Amino acid sequence: MNFDETVKFIKEKVNTIPRIAIILGSGLGSLSDDIDNKICISYKDIPNFPISTVPGHKGELIFGTLDSIPIVAMNGRFHYYEGYSLEEVTYPIRIFKLLGVETIILTNAAGGINLNFSKGDLMIIEDQLSFFAESVLRGPNLSEFGERFIDMSDVYTKEYIEILKPIMKKITGKCLTGVYAYMKGPTYETPAEIRALRTLGADAVGMSTVPEAVVARHSGLKCVGITCITNMASGIINEKLSHEDVKETALKAETNFKQVIKEFIKKIN
Ligand code: HPA
C-alpha cells in the first residue's frame, strides 16, 4: 500500500486538514448537503483508493465545514462483501490518520437484535463482536501505525459515549446503547444466526464498521459509532429483509442522525 502517494495527492488539494472524519453509512449521505466550503474528491481520482460499487453509495471524500467546524466526510464506504480485501476496506482510515485526523465517527445501518429496539431507532455503539471474520490486522504489523497486540477494552472512546448520551436523548427522546455484531454479508442473517448472536450479547448486527474501528484503534484514533436500526433482524418479526427497506428507514431517521452528529462535533471541537 502506497500511503504516501495518497496523502501527498490529498494535501495538494486541501489546505485545512480537519481533526474529525465522518463515515456516512447507507442512506445517510445527505449530510454531505449540509457541508459548506466543500472540496469533493472522487475516490476514482485518488491514487490507491478503492472505488465503491454499492448502488446508493456515492464514492467521494468531502472536505469542508459542518456548522463552521472543519470535517472530512466519506460519502460511501467499502465493504468486505463487495470483494475488497480488509486492507482496502480500511485504507481510508489509515489515510485519515496520516493526514492528522484525530477522531473517526462511524455510522451505519444495522438490524436490531435487542427486542427493546424499534425500526428507526439510533443506537450508540458501546462495544463490538467479531467472531466470524478474520482480523483486519492479520499479517505483518504496520508498526508505523501501531503495535502488534492491541488492547480492545476501549474501542469506542468512553468519554465520547458519555458526551453522546444526553445529545441522543435530547434529539431522539431515547438513549439506546449496545453491542454491534459484525457479519461479513452480503446475505442478511438467518433467524438461527440472530438467536445465536443474541445469546452472545449482540444488540444490533451489520456488515461494516468493525474493520474500520479495529484499524482506528490500532492507529490510536478516537472512535465513535452510531447505528441506525433500519429493521428488526431476521426472524424477529414476520417480515422479509430488503435493501430497499433498509435504505428507506435510514432516510427517515436521517434528520435526527444529522442533528446528533452536528451537536456531537460541536461538543468535542
Ligand atoms: N443484517 C445485517 N446488516 C444489516 C441489516 C441486517 O439485518 N440491516 C441493515 N444492515
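Please read these numbers as outputs of a predicted model, since none were measured by experiment. Counting starts at 1 for both ligands and their atoms, in listed order.
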4.5 Å side-chain heavy-atom contact, Val14 and Leu99
no
query = Can any side-chain N or O of Lys38 pair as donor or acceptor with the backbone N or O of Ser32 at less than 3.5 Å?
reply = yes
Output for pair (Ile113 CD1, Met123 CE), nearest 0.5 Å, gives 9.0 Å
For ligand 1, what N or O to protein N or O distances fall under 3.5 Å?
from, atom 1, to, atom 2, distance (Å)
ligand 1, 1 (N), Glu189, OE1, 2.8
ligand 1, 1 (N), Glu189, OE2, 3.4
ligand 1, 7 (O), Asn231, ND2, 2.9
ligand 1, 8 (N), Gly111, N, 3.3
ligand 1, 8 (N), Asn231, OD1, 2.7
ligand 1, 10 (N), Ala109, O, 3.4

Notebook entry, point to check: Are any of the side-chain heavy atoms of Asn2 and Pro47 separated by less than 4.5 Å?
Noted result: no
Check whether Phe9 forms a cation-pi arrangement with Lys13 (NZ or CZ under 6.0 Å from the six-membered ring centre, at most 45° off the ring normal). yes
Item to complete: Could you tell me whether Arg94 sits above the aromatic face of Phe145, with NZ or CZ closer than 6.0 angstrom to the six-membered ring centre and within 45 degrees of the axis?
Response: yes
